[in-house]
Amino acid sequence: MEPDIEEELLCVEAELQDVQDQIRALLDRQEKLYERQSELQTLLDGYKISQSAENKAAPVAVEDWSGSFEWDSRADDTRFNIFGISSFRANQREIINAVMSGRDVLVIMAAGGGKSLCYQLPAILRDGVALVVSPLLSLIQDQVMGLTALGIPAYMLTSTTSKEDEKYIYKALDKGEGALTILYVTPEKISKSKRFMSKLEKCHHGGRLSLVAIDEAHCCSQWGHDFRPDYKNLGILKIQFPNIPMIALTATATYKVQTDLMEMLHIPKCVKFVSTVNRPNLFYKVLDKSSVGKVVIDEIADYIRGSCSNNESGIVYCFSRKECEQVNELLSLVAKELRDRGISADYYHADMDVVARGKVHLRWSKNKLQVIVGTVAFGMGINKPDVRFVIHHSLSKSMETYYQESGRAGRDGLPSECILYFRPGDIPRQSSMVFYENCGLQNLYDIVRYCQSNRKCRRSAFFQHFGEAMQDCNGMCDNCAYGTEIKEVDATYHAKIIASLLHDMQSNDQRATMLQLVDRFRAKIKASGASNTPASDLKKEEVEQLIILLILDRVLKEEFQHTAYATNAYVTLGPLWKQALQGKKAVKLEITIGQRGNKGGSPKGANKRTRTSGLETKLDELRIELSSSHGGIFPHAVLSMQQINMLGHQKPTSIEELEKLIGKVKAEKYGNRIIEIIQPYVTLENPDVMEQDLRKASENGGNKRLKKKDKNLVYVESSEDE
Ligand SMILES: Nc1ncnc2c1ncn2[C@@H]1O[C@H](COP(=O)(O)OP(=O)(O)OP(=O)(O)O)[C@@H](O)[C@H]1O
Ligand SMILES: [Mg+2]
């Protein structure tokens, strides 16, 4: 009898185990399906919106904007000889053709993609004045200075415009007197200045308004990340000037924003150009953030000293603008600590007075200051193309904002790095700042997922977020480049303890912050004396990581309570807590071995940044010097980094050769000085080798000499004669 019972019991237990395994597998599958469901829903919403926008617009035959047009040769000549740009980037030529054909155009192109050229070049090719609306004074100033340096009659009408310039501009608008090709204004001018609008009408009436460009057009939309009320009134421009081509440009990719701004600007039939969100030159990396502030600063300083020895520019972002007071202290502290470690750094925050802020920005833009430590308030006005690194000392509030903020690196297309310091312990502070925003927590958890992931390509997270097909990362993120060295811990048991702890606390009307929960968990493990249970081996940070994982998996959730001074975040039981309590929810915790971002293995695409040669360094110094002597323009307006690299390789020795590389305008203006710098490097074809040989030669009693064979070739030979 007894053996029968025992046998049946074993069978029942085995079957139970089997059922439990199946439940677990099904729950896992359910999770995955939920995730996929939400991804597909986002894609579908986007698709529907785009369809309805297309249906609303009159059917337009598919047009070929890449064919030949009568202005082709003029466009190429202007691109090269005035802008010094050797070839168009993706979509630029097509966009220019559409504008030149008189069509309204919407341009969605990633940061640094080259949107400015898309309206500046047609502005030069078309007769009359091009009106450009741009949201920030600093952006406008940059652009006007750059264009003026290229000899293009560009002006701005803003609060800082002198009376004299204002008079000149109004005369040009009114009567067509004086050269005026591009006029920049802030949106307030359109919505608030009747005088300006009436002059603009006259300009239009006289057939002298060539095009209207709305830069940073996402500012029109409340769904965009930087809504500006004055942008809402820009719809008036299309109403007043229906036949003038309007080009709206933005780097924000969401469909909602796109359709919103087409409606607001009254350009339903516009030709839309959407480029990829991919920024192939950016290397994305997440690093574990130490809980000790100084260690983080040490690491940042080491990174800057090690990877950016040529005084290459960068930004360090700290916190969000909402925590301003403490942030200001933190910013100045971080800047000071970086200075103490030998790095030229200063801080920038919204509360500084305008002059001081402007000075910091200017020093940085002119490469006289290497690093700006700022809040995200230091954002849209940044037009510097050669930012080599953007470091986030703390988490952005969404994937979209991280894409924008990190995207300030490498706008010139050269390899640059985006580094994010992540610590689960930072999350409650962030979540208590965003929870009241529409989808605030969901957005934050998305970027937390991005950070927590040790295997998934970082780039793929952006493609997924913006509903774009996957593209190859080419080893340009830490997860793709270094491979993964992680330990997977089955944390199902740990999750069970946490759920039971919280359940007990909640039954007693108690609540816990994340820190308190971590402490309670560890205390419970200790008190139970279970030193060899699987739960005892988790470090404090790993318990934090687990709690965050459980929040992302909806086993737990965050709740918030306002006090007079702050908003506190608490961790409570979430929708799937019972499954966790019953051990039915498989929880797998990925623990990094060693430090994240420093995983072993040789990086595939990492460190693609080439070392700057001696000549390139000299050319870089020259551009700083020339920029000051040419009216204080920015160094990148003299020569871009790409042009410096090209000159470093090609080493032109005559103005004619130089002209073929950087165009007529720049060759004429700066040519002599550039050639002066290059010349010695042509005679010394390989200066590093040469220097070594020269040294050896002198050590050997000078029995070697340099012999010049032809203009470009130099070799070293032994000579007994000398
Ligand atoms: N075809 C090209 N070839 C090489 N460099 C280019 C080309 N087009 C633009 N650039 C350079 O790329 C940099 C970024 O261009 P631009 O400022 O127009 O970017 P953007 O798309 O407006 O970016 P953002 O969204 O950040 O404003 C500039 O330094 C510009 O001179
Ligand atoms: Mg731009």
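Indexing begins at 1, ligand by ligand and atom by atom, following the structure's order.
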Problem - Protein heavy-atom partner closest to atom 13 (C) of ligand 1 - residue, atom, separation in Å - result: R411 O, 3.5 Å

Exercise for the section: State whether a side-chain donor-acceptor pair under 3.5 Å links D412 with S640. Expected result: no

Problem - Distance filter under 4.0 Å to A110 heavy atoms, resulting ligand 1 atoms - result: 21 (O)

Practice task
Compare A637, G413, S275, S116 and give the one whose heavy atom is closest to atom 18 (O) of ligand 1.
Solution key: S116

Exercise for the section: Around atom 23 (O) of ligand 1, find the nearest protein heavy atom and jot down its residue, atom name and distance. Expected result: G112 N, 2.7 Å

Handout entry: Protein non-hydrogen atom found under 4.0 Å from atom 11 (C) of ligand 1
Key = yes

Handout entry: Distance-only donor-acceptor check, side chains Q143 and Y184, under 3.5 Å
Key = yes

Handout entry: Q642 neighbourhood, listing ligand 1 atoms whose heavy-atom distance to it stays under 4.0 Å
Key = 4 (C), 5 (N)

Handout entry: Per-atom contacts of ligand 1 with F88, taking only distances under 4.0 Å to non-hydrogen atoms
Key = 1 (N)

Handout entry: Distance-only side-chain donor-acceptor flag, E216 / T250, under 3.5 Å
Key = no

Exercise for the section: Select the closest option to atom 25 (O) of ligand 1 among K115, Q92, Q643, judged by heavy-atom distance. Expected result: K115

Exercise for the section: Determine whether the side chain, the backbone, both or neither of S86 has a heavy atom under 4.0 Å from any heavy atom of ligand 1. Expected result: neither

Exercise for the section: With heavy atoms only and a cut-off of under 4.0 Å, state how E216 meets ligand 1: side chain, backbone, both or neither. Expected result: side chain

Practice task
State whether F88 and R79 meet the cation-pi test: NZ (Lys) or CZ (Arg) under 6.0 Å from the six-membered ring centroid, and within 45° of the perpendicular axis.
Solution key: yes

Completion exercise
Under 4.0 Å between heavy atoms, the region of H636 that gets near ligand 1 turns out to be neither

Exercise for the section: Starting from atom 5 (N) of ligand 1, locate the nearest protein heavy atom and write down its residue, its atom name and how far away it is, to 0.1 Å. Expected result: R89 NH2, 3.1 Å

Fill in the blank from the handout: shortest atom 15 (O) of ligand 1-to-protein heavy-atom contact is with G114 CA, 3.6 Å

Handout entry: Contacts of H649 that satisfy ring-ring contact (aromatic ring centres under 6.0 Å, His included) - sequence neighbours left out
Key = none

Handout entry: Location of contacts on P385 toward ligand 1, heavy atoms closer than 4.0 Å
Key = side chain

Problem - Parallel, tilted or perpendicular: rings of F634 and H636 (30°, 60°) - result: parallel

Handout entry: For I85, the ligand 1 atoms whose distance to one of its heavy atoms is below 4.0 Å
Key = 1 (N), 2 (C), 3 (N), 6 (C), 7 (C), 8 (N)

Practice task
Under 4.0 Å, heavy atoms only, figure out whether ligand 1 is touched by the backbone of S87, its side chain, both or neither.
Solution key: backbone

Practice task
Could you say whether the N/O atoms of A111 and ligand 1 ever approach to under 3.5 Å?
Solution key: no

Exercise for the section: For residues Y402 and H392, establish whether the separation of their ring centroids is below 6.0 Å. Expected result: yes

Practice task
Taking the side chain as every heavy atom from C-beta outward, state whether R459 and Q464 have any atom pair closer than 4.5 Å.
Solution key: no

Problem - More than 12 heavy atoms of other groups within 6.0 Å of D165 CG - result: yes

Practice task
Would you check the N or O atoms of G113, main chain and side chain alike, for any that come under 3.5 Å of an N or O of ligand 1?
Solution key: yes

Handout entry: E657 and Q650: side chain donor to acceptor below 3.5 Å
Key = no

Problem - Within the 6.0 Å centroid threshold, strictly below: F463 and H465 - result: no

